[in-house]
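All remarks here apply to the structure that follows.
Please read all numbers here as calculations on a predicted model, not as lab measurements. Within every chain, numbering begins at 1; the chains are lettered A, B, ... in the order of the sequence lines, protein sequences first and strands thereafter. Values reported hereafter were calculated over all heavy atoms of this structure, with side chains retained and with hydrogens, waters and symmetry mates removed.
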Amino acid sequence: MTSLPKIYDPQEIEGKWYQFWQSNGFFHAETTSDKPAYAIVIPPPNITGSLHIGHALDNTLQDCLIRWRRMQGYNTLWMPGTDHAGIVTELIMERKLAEEGTSRNEIGREEFIERMWQWKRESAGYIVSQLQQLGCSCDWDRERFTLDDGLSEAVRTAFVKLYNQGLIYRDTYMVNWCPECNTAVSNLEVEPVEIDGNFYHIQYPVIDSDVVLEIATTRPETMLGDTALAVHPDDDRYQNLVEKKVLLPLVNREIPIIADEYVDTEFGTGALKVTPAHDVNDYEIGLRHDLEQRNIFTPDGHMNEAAGEAYVGLSRWDCRKRVVEDLEKEGYLVKIVPHRHAVGHHDRCNTIVEPAISLQWFMNVRPLAQRAIEATKKGEVKFIPERETSRFFHWMENIEPWPISRQRWWGHRLPIWYCDACEKITAAMGTPQQCECGSTSFHQDEDVLDTWFSSGLWPFSTMGWPQETDDLKTFYPTSVLVTGWDILFFWVARMIMLGLGCMNEVPFRTVYLHGLIADEKGQKMSKSKGNSIDPVETIETYGTDAFRFALANISTPIPYVPLPESQIESGKRFANKIWNAARFILMNLEKHPVPKERRTVKEDAPLEVQWIQSRLIKTIKTATDALENFRFYEVAQTLYAFLWHEFCDWYLEFAKQRLTRNKPEALWYAAEVLEQVMRLLHPIMPFLTEEIWQLLPHTKDSTSSDEPASVAIAPWPEPTTENPTAETTMATIMEVIDNIRSIRGELNVPIGAAVEVHIQSPNAEIRNRLNTYLDQYLPAFTKVESITIAETLEKPPNSAEAVIGALTIHIPLAGVIDLEAEHARLTKRHQQTTKDVLAAQKTLDNPNFIERAPENVVVQKRELLERLLIEQKKLERSLAMLAS
RNA sequence: GGGCGGGUAGCUCAGGUGGCUAGAGCGACAGCCUUACAAGCUGUAGGUCACAGGUUCAAGUCCUGUCCCGCCUACCA
């Protein structure tokens, strides 16, 4: 007797199978293969530590696709790797250094980078082990890291290429500056957060006049850098003041009053203080009116000398307090009004960003964005769900220059060299030999590139670009990109643009954007919110397959998908159910082994076999179609329903009956069906399916001797034609069984009590079918004493009744029946039937329905009504009899 | 200010191009240790499909408006 444990223990089996797959090279992609290519590049996890729940979802879905396509016979490549994640990783390291009582400036750039590489080696290793724990079938021989030599060469090549095309340039412009990270960041990295602030109303005295101009500002400290006041040119209130000057309070600087269309007369006081160095709009106004740009901040967010002696050295926030105090003291402060408004925060460190004028490197993304839009419109890239396409277009159409330089250390240093003699700029793969001016002395730009620049090259840099590699020839463009919708702009859009810019071809054909995992309150799960589930802990508690099943099962196309604990619990129960179904089959196979020379002849198979095979075919069709359309939840639900509610609930019960009558064929068929289902389920639940698949006997195809060594490379099941006749017959039988069980349950017939079943049906064919099958099947589901089937039968006294169209079931329950309960039961049925009758009649009474609805719909409706009317009449007769 | 998504059973969600008597999981209730599984089995209850109009023979599904919830996006100081 097989000693399979009663309870499925994932810990026991998961490790060994991953090892097995790996050592057999099942995940390795060949460029020499003649099979069609199917490639996915992993969204490289940041080397910031461990994988979170979002990674688990993202990678589970990718693994489902890859495993499914591998089984379908594609030459699959899942390119794995990690991202250096510039700023975030540096922040983590800086925190570590602070704990050690040092800092990055203290240890210096070189030492800092060395420490970062150490961290990378540990972190990437841990991430890889987690992905393997999750079962991901990546091609680990190809693992990449964004700072690898090859990928760094790709970055330099792309940069130089785009620079030479004039798409990358250096400029002084107002950018978002993070005083905490001491670097410029792009708009996307700035997150507007609503905070409770104030409107400070301040008076500016107009020179040579006894009037004052009142303005309102949320940032009073920036007045120290004001270089004008602005009013709207058409504003009657202030027209006479334009071109006069005001005296800037506290600093006693004279600044002009200017007229600019930007000012909104309706808003605040209709007068605006202008600080060109510290506000984007003011910056624009300043350019229009040639105003002085007066920078009052140091890069780390403190006041510099330009702010005035009284304030120099203060932080932004201390300065605000002091300025307000001073304004009040000197009588310039009119009032403070509470005001809630959005303030930009750096998404990596949560510091309030400072708009600052700065010399930075930019990429003019407009031309590539235009090409990306055109490519998408031509269908070269497809977004799923489709609604993401419009988000993509909207972003692309309004795209702004991308600031790509970061004043940081961890990343790709800009391939820009300045001549020490003449400061001429050269973009090159390495240090230039000689400058035009004759000098041979250069210094490289200190800045590194935005991490997303290298991420944007990922689909081809990982395949060896700029070399013309076999990988690129075979796998580029890749088939699908799978990621969360939240990085559509950050990453997906940039990959498309850079793919077009560097490869002249989009990087992937389809983008599948899945939802983000939310907690039960609908909040996105994140470590910072403390509401996230730890994947490793979850895997240890429930098992990988249960977890993966839950993730697939919740992957509906909504933006935030909840993952309640109960869902994972449900996955675990499902895994156990499968395990036990297999256990039952395997245990019995020991007693009834499958004969070697056995051949499957479908025509001879008993009804329940024909039925389950037809249902299996339907399941294969649905699951395949669902996978093709990225409906992972449907794959999961379809397989769950088939396995549990058709295979286990019905087929295995039928098979038990056969076994008691010493008919082991039913068991052999069960093993065959389970073998097929293990294949279907393999992409979602790789470990469990492999374990069971290996234990099951495999029907050897006599024409080929090479049987797959693993379900991971077994062919994906091909559907043949369904068997509607078997399904219809079985449906009738199942309905009869359901009704008998229902009667027993509702009338509290003791479990052990055997009952007589009287069935009357006017239809000879149905009687025939029931005669053939019912006594074979019924004992598996309920205790019966005898079954009588006839064209007409008297209703026995004290019997319960069920009607299925023209068919009637009577179960005599003398001494057991509770007549009141039976009356209540039938009344309820009657009410429901009457409701349905009325609805159907209403439809059919409408002459337009008969006239305009399609023939088959009308026929169906008529048949329905007919059946309902018969049921209704019979129920009425029975109720009348009960009453008498 | 624009745009998008959602409102279906107590909870979380399915319901491609309108057409079987609106489904599932979880939970609830009742009964079962039936020799694969109590992480199981059987039965039961529970829904004016947010609201109001409209199109249609037919609307959970399409259109318009309204009300909530969430998100994305935008330079109102």
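Distances shown here put every side-chain N or O of S742(A) at or beyond 4.0 Å from the OP1 or OP2 atom of G43(B). Put simply, R219(A) has no side-chain N or O that comes within less than 4.0 Å of OP1 or OP2 on A77(B). For the OP1/OP2 pair of C41(B) and a distance below 4.0 Å, the side-chain nitrogens and oxygens of K577(A) include at least one atom meeting the criterion. Under 4.0 angstrom from either OP1 or OP2 of G3(B) there lies no side-chain N or O belonging to R387(A).
Within the nucleic acid shown, D836(A) comes within 4.0 Å of at least one base atom, counting heavy atoms only. E851(A) comes within 4.0 angstrom of nothing in the nucleic acid, heavy atoms only. Within the 4.0 angstrom heavy-atom criterion, base atoms lie near V857(A). When heavy atoms are screened at a 4.0 angstrom cut-off, I7(A) is found touching base atoms of the nucleic acid. P847(A) comes within 4.0 angstrom of nothing in the nucleic acid, heavy atoms only. In this structure, W485(A) reaches the sugar-phosphate backbone alone: every heavy-atom distance under 4.0 Å involves primed, P, OP1 or OP2 atoms, never a base. Counting any heavy atom pair closer than 4.0 Å across all strands shown, E653(A) reaches a base atom. Base contact: K656(A) has a heavy atom under 4.0 Å from a base atom. Residue R825(A) is classed as having no contact, given no heavy-atom separation below 4.0 Å to the nucleic acid. Here Y633(A) lies in heavy-atom contact (under 4.0 Å) with sugar-phosphate atoms only.
Of the N and O atoms on the side chains of N739(A) and E735(A), not one donor lies less than 3.5 Å from an acceptor on the other residue. Side chains of N198(A) and Y200(A): a donor on one and an acceptor on the other come within 3.5 Å. A donor-acceptor pair shorter than 3.5 Å cannot be found between the side chains of E191(A) and H345(A).
Spacing of C1' atoms, U56(B) relative to C13(B), comes out at 30 Å, to the nearest Å. Nucleotides U44(B) and A39(B) have their P atoms positioned 24 Å apart, rounded to a whole Å. C69(B) and A77(B) have their P atoms separated by 23 Å, with the value rounded to a whole Å. Rounded to whole Å, the separation between the P atoms of A14(B) and A9(B) comes to 13 Å. Taking the C1' atom of each, A59(B) and C51(B) are spaced 16 Å apart, rounded to whole Å. For the C1' atoms, the distance linking G7(B) with A50(B) amounts to 6 Å, nearest Å. When the C1' atom is used for both U8(B) and G2(B), the distance is 30 Å, rounded to whole Å. Spacing between G10(B) and G53(B) at atom C1', rounded to whole Å, works out to 31 Å.
Here F630(A) and Y512(A) bring their ring centres to under 6.0 angstrom of each other. Between F781(A) and F654(A), the distance separating the two ring centers is shorter than 6.0 angstrom. Taking the centre of each ring, Y560(A) and W485(A) come in below the 6.0 Å mark. A centroid separation of 6.0 Å or more is found between the aromatic rings of F632(A) and F549(A).
A residue-by-residue look at T217(A) and Q567(A) shows that Q567(A) has its nearest nucleotide of RNA chain B further toward the 5' end. Toward the 5′ end of RNA chain B lies the nearest nucleotide of T556(A), the other residue of the pair R829(A) and T556(A) mapping further downstream.
Pair assignment for U48(B) gives none, since no Watson-Crick or G-U wobble pairing has each distance under 3.5 Å. When both pairing distances are held under 3.5 Å, C71(B) makes a Watson-Crick or G-U pair with G3(B). When both distances must be under 3.5 Å, the Watson-Crick or G-U wobble mate of U12(B) is A24(B). Across all strands shown, G60(B) forms no Watson-Crick or G-U wobble pair with both distances under 3.5 Å. Using N1 to N3 plus N6-O4 or O6-N4 for Watson-Crick, or N1-O2 and O6-N3 for G-U wobble, each under 3.5 Å, U17(B) pairs with nothing. Using Watson-Crick or G-U wobble geometry with both donor-acceptor distances under 3.5 Å, C29(B) finds its partner in G43(B).
The CG atom of L667(A) sits 15 Å away from the C1' atom of U35(B) (whole-angstrom rounding). Across the protein-nucleic acid pair, H341(A) atom NE2 and A77(B) atom P stand 7 Å apart, rounded to whole Å. Rounded to whole Å, the distance from CD1 on I554(A) to C1' on A14(B) is 14 Å. Taking atom CZ on R391(A) and atom P on U73(B), their separation rounds to 7 Å, with Å as the unit. With rounding to whole Å, R658(A) atom CZ is found 20 Å from A36(B) atom C1'. Nucleotide A39(B) holds its P atom 19 Å from the CZ atom of F549(A), rounded to whole Å. Regarding E569(A), its CD atom lies at a distance of 9 Å from the P atom of G40(B), rounded to whole Å. Separating the CD atom of E386(A) from the P atom of G5(B) is a distance of 11 Å, rounded to the nearest angstrom.
A salt bridge links R615(A) with E727(A): the distance from a Lys NZ or Arg NE/NH1/NH2 to an Asp or Glu carboxylate oxygen falls below 4.0 Å. E653(A) has no carboxylate O lying under 4.0 Å from a charged side-chain N of R658(A), or vice versa, which leaves the two without a salt bridge.
Of all the residues in residues 636-645 of chain A, Y640(A), W644(A), H645(A) reach under 4.0 Å from RNA chain B with at least one non-hydrogen atom.
Figure legend: cation-pi geometry between R391(A) and F489(A), with NZ or CZ positioned under 6.0 Å from the six-membered ring centre and within 45° of its axis. A cation-pi contact, defined as under 6.0 Å to the ring centre and within 45° of the axis, links K656(A) to F584(A). Cation-pi geometry between R741(A) and W650(A) is met: the NZ or CZ atom falls under 6.0 Å from the ring centre, inside 45° of the normal.
With distances taken from any side-chain atom of I751(A) to the nucleotides C32(B), A77(B), A36(B), the minimum falls on C32(B). In this structure, of C26(B), G19(B), A77(B), it is G19(B) that holds the atom nearest to the side chain of A853(A). When each of C72(B), U42(B), U12(B) is scored by its nearest atom to the side-chain atoms of D649(A), the top-ranked nucleotide is U42(B). Of the listed nucleotides (C72(B), C37(B), U73(B)), U73(B) has the atom at the smallest distance from the side chain of H394(A). Taking the side chain of C648(A) as heavy atoms from C-beta on, and the options A77(B), A39(B), A36(B), the nearest nucleotide is A36(B). The F489(A) side chain lies nearest to U73(B) when the options are U73(B), A36(B), A77(B).
Between the side chain of K6(A) and the base of C37(B), no donor-acceptor pair of N or O atoms lies under 3.5 Å.
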